[in-house]
Asks: 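Let me give you the structure first, and then I'll get to my questions.
Fair warning: this is a prediction, and the values are worked out from it, not measured in the lab. Lettering follows sequence order; numbering is per chain, from 1. These numbers come from the heavy atoms of this one structure, side chains and all, not from hydrogens, waters or symmetry mates.
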There are 2 protein chains.
Amino acid sequence: MLSFAEENYLKTIYHLSQETDSAVTTNAIADSLNTKAASVTDMIKKLSKKGVLSYQKYKGVQVSKTGEIAALQVIRKHRLWETFLVDKLKFNWDQVHEVAEQLEHINSDLLIQRLDEFLAYPKYDPHGDPIPDENGLFKSKPRVALDQCLDGQSGIIVAVKDSNSAFLKYLDKIGLYLGAKIKIIDKVEFDGSLEIQIDNKKSTFISKEVSENIWITE
Amino acid sequence: MLSFAEENYLKTIYHLSQETDSAVTTNAIADSLNTKAASVTDMIKKLSKKGVLSYQKYKGVQVSKTGEIAALQVIRKHRLWETFLVDKLKFNWDQVHEVAEQLEHINSDLLIQRLDEFLAYPKYDPHGDPIPDENGLFKSKPRVALDQCLDGQSGIIVAVKDSNSAFLKYLDKIGLYLGAKIKIIDKVEFDGSLEIQIDNKKSTFISKEVSENIWITE
DNA sequence: AAATATTTTTAGGTTAATCTAAATGTATTA
DNA sequence: TAATACATTTAGATTAACCTAAAAATATTT
């Protein structure tokens, strides 16, 4: 059984491990969790003793198979709760993250099973991220980040990378949402910004940074 | 802001204070929370410093006005979550307590407001206990414990005192539920047990201990 | 490859919440 | 009311999760 803090570390390390092919570094973990490297060293020792991480001094950590299973259960809970908050309690997609960070640590198999059923076994959360099933299995939609696309290309928004509130509010403001049709009108060479058309309406401009955080179907 | 542990102490002390007219003792708190008197002394010092309890060494504690408001918010959350689990997730009334003990500490005003709305502002939880509103106000139904009733008296079950799983399962088994019609056929002088009739069906016997834990309308 | 910079670990300390055992206060009873 | 019993508090440890500062390992530059 993992504690609240241990679950948070494991989940974060799992996410970081998905973004790199090498081991996850102590500093990367500390940055993600807004904590200090010394605290991370303590915790990764504990988690490797528990068998969810493999760790060699000064070489970073990797998530073990049992660690992955445990991490995916936390992620499953997080994404089910986010779906509940949006679908049933009418939260906006920018309001769910903080609350789901708390709810994901509630411990009850029956609760999660029933919640999943109540939500009709959703496959994706409000940000387009896949929801692992009770065995940790999930399927991602094939997708490309908008900054990788070419002039004239179009597609449907299937996910956003960053779920921070300010970013999501900005997307709402310019009329972007999951399922929106998007077409690249022009790509500005100078700064990588894009002129895009949403749902065949009048075009807008988005920065390269924003375009890196939006995924569309290929 | 109170911690998880502090909220648990405060809620428990509030409940104990409702059952007595004098101050709540250190040992009573320790028993309720399955902890030791020494731990309780430490915690009540902290809580009185925070202004939610008033405390005099060796004289027990009383819940202050601000303490009562805080306690009622925790109780409100507990009872709303229990209602959610039963009404929406089809939990049995004997399965909700443990999970609600965790959920009651989730911190989000918006969540509770929306949950209340989603449940259509319920006034009573699955055990018949009143749910305080956002200001801590609630109304109890007038009620008598079954062991206080006389031969021939009848009424509707409006609440149960104890929400422990074994007790509630037993009630299910003998056909008792909130809203059931109950009639006292005979009161056995010797041990205080009762012969009762449920919903005009064939009669059963219940012990005095059980009858003390069932409340009916007068 | 030596010097320098960066990352990671270790050593030692802090805080919250718990504990046991001993000391002290309060209550009961002979 | 003195003796005994019981309740409560204090003293001092323990554990988990964090911290700072210093030491050690690794990486990068010149």
Asks: Send over the distance from A:K59 NZ to D:dA24 P, rounded to a whole Å.
Replies: 18 Å
Asks: Which residues within residues 25-37 of chain B lie with some heavy atom under 4.0 Å of an atom in DNA chain D?
Replies: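 B:T25, B:T26, B:N27, B:A37, in order of number.
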Asks: In whole angstroms, how far is the C1' atom of D:dT10 from the NZ atom of B:K45?
Replies: 7 Å
Asks: Return the minimal non-hydrogen interatomic distance between B:P122 and B:L80, and the atom names on each side.
Replies: CG-CD2, 3.8 Å
Asks: Which pairs pass ring pair (Phe, Tyr, Trp, His ring centres under 6.0 Å) with one or both residues in residues 20-66 of chain A, sequence neighbours excluded?
Replies: none
Asks: State plainly whether the residues B:E104 and B:K11 are in salt-bridge range, i.e. N to O under 4.0 Å.
Replies: yes
Asks: Below 3.5 Å, can you tabulate the donor-acceptor pairs from side chains in residues 126-146 of chain A to any protein atom, sequence neighbours excluded?
Replies:
unit_1	atom_1	unit_2	atom_2	d
A:H127	ND1	A:E82	OE1	3.2
A:H127	NE2	A:W93	O	3.0
A:D133	OD1	A:N135	N	2.7
A:D133	OD1	A:G136	N	3.1
A:D133	OD1	A:L137	N	3.0

Asks: Which of the following nucleotides, D:dC19, D:dT8, C:dC19, is nearest to the side chain of B:S39?
Replies: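 Given the options D:dC19, D:dT8, C:dC19, the side chain of B:S39 is closest to C:dC19.
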Asks: List the atom pairs, with distances to 0.1 Å, where a side-chain N or O of residues 1-8 of chain A and a protein N or O form a donor-acceptor pair under 3.5 Å, not counting sequence neighbours.
Replies:
unit_1	atom_1	unit_2	atom_2	d
A:S3	OG	A:A5	N	3.4
A:S3	OG	A:E6	N	3.1
A:S3	OG	A:E6	OE1	3.4
A:E6	OE1	A:S3	N	2.7
A:E6	OE1	A:K50	NZ	3.2
A:E6	OE2	A:K46	NZ	3.4
A:E6	OE2	A:K50	NZ	3.2
A:E7	OE1	A:H105	ND1	2.6
A:N8	OD1	A:H105	NE2	3.1

Asks: Is atom CG of A:D191 surrounded by more than 12 heavy atoms (other residues, nucleotides or ligands) closer than 6.0 Å?
Replies: yes
Asks: Salt-bridged, B:R76 to B:D116, with N to O below 4.0 Å?
Replies: yes
Asks: Phosphate oxygens OP1/OP2 of D:dT9: is one of them under 4.0 Å from a side-chain N or O of B:T41?
Replies: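 Answer yes for this pair, as a side-chain N or O of B:T41 is under 4.0 Å from OP1 or OP2.
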Asks: Would you list the pairs meeting side-chain hydrogen bond (donor to acceptor under 3.5 Å, both in side chains) in which at least one residue belongs to residues 21-38 of chain A, sequence neighbours left out?
Replies: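 Qualifying pairs: A:T20-A:S22.
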Asks: Using a strict heavy-atom distance below 4.0 Å, which residues from residues 4-22 of chain A are in contact with DNA chain C?
Replies: none
Asks: Quick one: is the NZ or CZ of A:K88 closer than 6.0 Å to the six-membered ring centre of A:F118, and within 45° of its axis?
Replies: yes
Asks: Just the rounded figure in Å: distance from P of D:dC18 to CG of A:L47.
Replies: 11 Å
Asks: For a quick test of reading the model: is some side-chain N or O of B:Y58 closer than 4.0 Å to OP1 or OP2 of C:dA23?
Replies: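 No.
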Asks: Just the rounded figure in Å: distance from P of C:dT26 to CD of B:Q56.
Replies: 11 Å
Asks: Using whole Å, what does the distance between atom P of nucleotide C:dT26 and atom NZ of B:K57 come to?
Replies: 10 Å
